[in-house]
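Right, one structure below, let's go through it.
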There are 2 protein chains.
Amino acid sequence: MTQTNKYGRRGRQLRSGSSGAVAKTLDPKFFKALCDPNRISLLLRLAGCGRACTVSELNSCCPIDLSVVSRHLGVLRDAGIIESEKRGKQVYYTVCAVEVIATLRSIANALEGCCCCEPKSRQEKKK
Amino acid sequence: MTQTNKYGRRGRQLRSGSSGAVAKTLDPKFFKALCDPNRISLLLRLAGCGRACTVSELNSCCPIDLSVVSRHLGVLRDAGIIESEKRGKQVYYTVCAVEVIATLRSIANALEGCCCCEPKSRQEKKK
DNA sequence: TCTATACTTGCATTATGACGCAAACGAACA
DNA sequence: TGTTCGTTTGCGTCATAATGCAAGTATAGA
């Protein structure tokens, strides 16, 4: 899959072997979804809530219009970070925790594999 | 530390206990640094290179002006993702792999701790 | 069928970020 | 001390993204 930046050109293929694994996991869409402070707030609220929440409930954590909250949730959903389920008039959102955790760990593992840092087996709990 | 969004207000303190750990790790600055495709390219190039690289070397992986590359590297450095060292006329950049990996894993762990997903010990390979 | 509620979408405005060019900066070297 | 090379910074331009308001859609219930 060829990435294209917003200026049209670009057709990067990565240098070589090991970095390919990182390339696959480092999706700008994922990070883009997390780079807005309000989206982080919404995600934290949702994560901390421990249950599915409606748009209105989540709105209380951000001083922004409900419509904007709805749009932010859409961005997070499109990035696969949260998912939604409609029940009656309301839409309930939940964090795709398992998937997000897996994504984060696979990026970490891929980075570990391609950079010349400690191998996974003897990784130290360095702080 | 109180977060402030670009509209001035905002002073979120998270709901409660466990999500605080996620809040500490979910820094928009970190994600913001990774949400640009050119910065991802630079990071991949640097990671795949396996050694310190100069700005000029890294420039070859992106069809953008050298000055822009320099700025992108600055963003990555400010986010703690890469670090720089000046040697003579040149500036060598390297990935802070250990730190980045630790950050990713701590986010994953915090998320695991605060969401009601499977505990780490018996997490199933669902899906 | 009408109304209320919950949410989404269209649109215009504003803010933020990426970009290239040119100039500035700092180190090496003649 | 002047020149060259590698990099950074200033600045204006353009693209993208965030926002609020208003209007639209869908479901529940009177």
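Letters A, B, ... mirror the listed sequences (proteins, then strands); counts begin at 1. Values below: every heavy atom of this structure, side chains too, minus hydrogens, waters and symmetry copies.
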When rounded to whole Å, the NZ to P distance for the pair A/Lys29 and D/dA17 reads 12 Å

Grab the two heavy atoms, one from B/Ala108 and one from A/Ile101, that are nearest each other, plus how far apart they are. O-CG1, 3.8 Å

Can you tell me which residue among B/Leu66, B/Leu46, B/Leu43 is in a side-chain contact (heavy atoms from CB on, under 4.5 Å) with B/Leu58? B/Leu46

Rounded to whole Å, please give me the gap between CG in B/Leu42 and P in C/dA18. 12 Å

Heavy-atom contacts, protein to nucleotides 24-30 of chain D, under 4.0 Å, summarised as B (base), S (sugar-phosphate only) or - (none) per nt, yield --SBS--

Starting from C1' on C/dT5, measure out to OH on A/Tyr92 and report it in whole angstrom. 13 Å

A/Asn38 vs D/dT19: side-chain N/O to OP1/OP2 distance below 4.0 Å: yes

Sugar-phosphate, base or nothing in reach of B/Tyr93, heavy atoms under 4.0 Å: sugar-phosphate

Quick check on side-chain hydrogen bond (donor to acceptor under 3.5 Å, both in side chains): which of A/Glu83, A/Glu85, A/Arg77 does A/Tyr93 satisfy it with? A/Arg77

Could you state the CG-P distance from A/Asn59 to D/dC21, rounded to the nearest angstrom? 12 Å

Examine A/Ile40 and B/Val75 and state if one hydrophobic cluster contains both, with Ile, Leu, Val, Met, Phe, Trp and Tyr joined whenever side-chain heavy atoms are less than 4.5 Å apart. no

Of the residues in residues 66-85 of chain B, which ones touch DNA chain D at a heavy-atom distance under 4.0 Å? B/Leu66, B/Ser67, B/Ser70, B/Arg71

Contact summary for A/Ala52 and A/Glu57, nearest pair of heavy atoms: O-OE1, 4.2 Å

Using the criterion of both pairing distances under 3.5 Å for Watson-Crick and G-U wobble pairs, give all stems of 3 or more consecutive pairs involving DNA chain C. C:1-30 with D:1-30

Please determine, for the side chain of A/Asp65, which listed nucleotide (C/dG20, C/dC7, D/dC21) has the closest atom? D/dC21

Correct closest heavy-atom pair for B/Ala33 and B/Ile81 would be CB-CD1, 3.7 Å

Nearest-angstrom distance from the residue atom CD1 of A/Ile40 to C1' of D/dA17: 16 Å

Without decimals, in angstroms, what is the distance between B/Lys32 NZ and D/dT16 C1'? 13 Å

Spacing of B/Asp36 atom CG relative to C/dT16 atom C1', expressed in whole Å: 13 Å

Between P on C/dG17 and CZ on B/Phe31, what's the gap in Å once rounded to a whole number? 16 Å

Check against side-chain contact (heavy atoms from CB on, under 4.5 Å), A/Arg51 and A/Cys53: CA-CA 6 Å; A/Arg51 58 172 179 81; A/Cys53 293; 4.0 Å; yes

Where B/Cys61 and B/Leu42 come nearest, the two heavy atoms and their spacing: SG-CD2, 3.8 Å

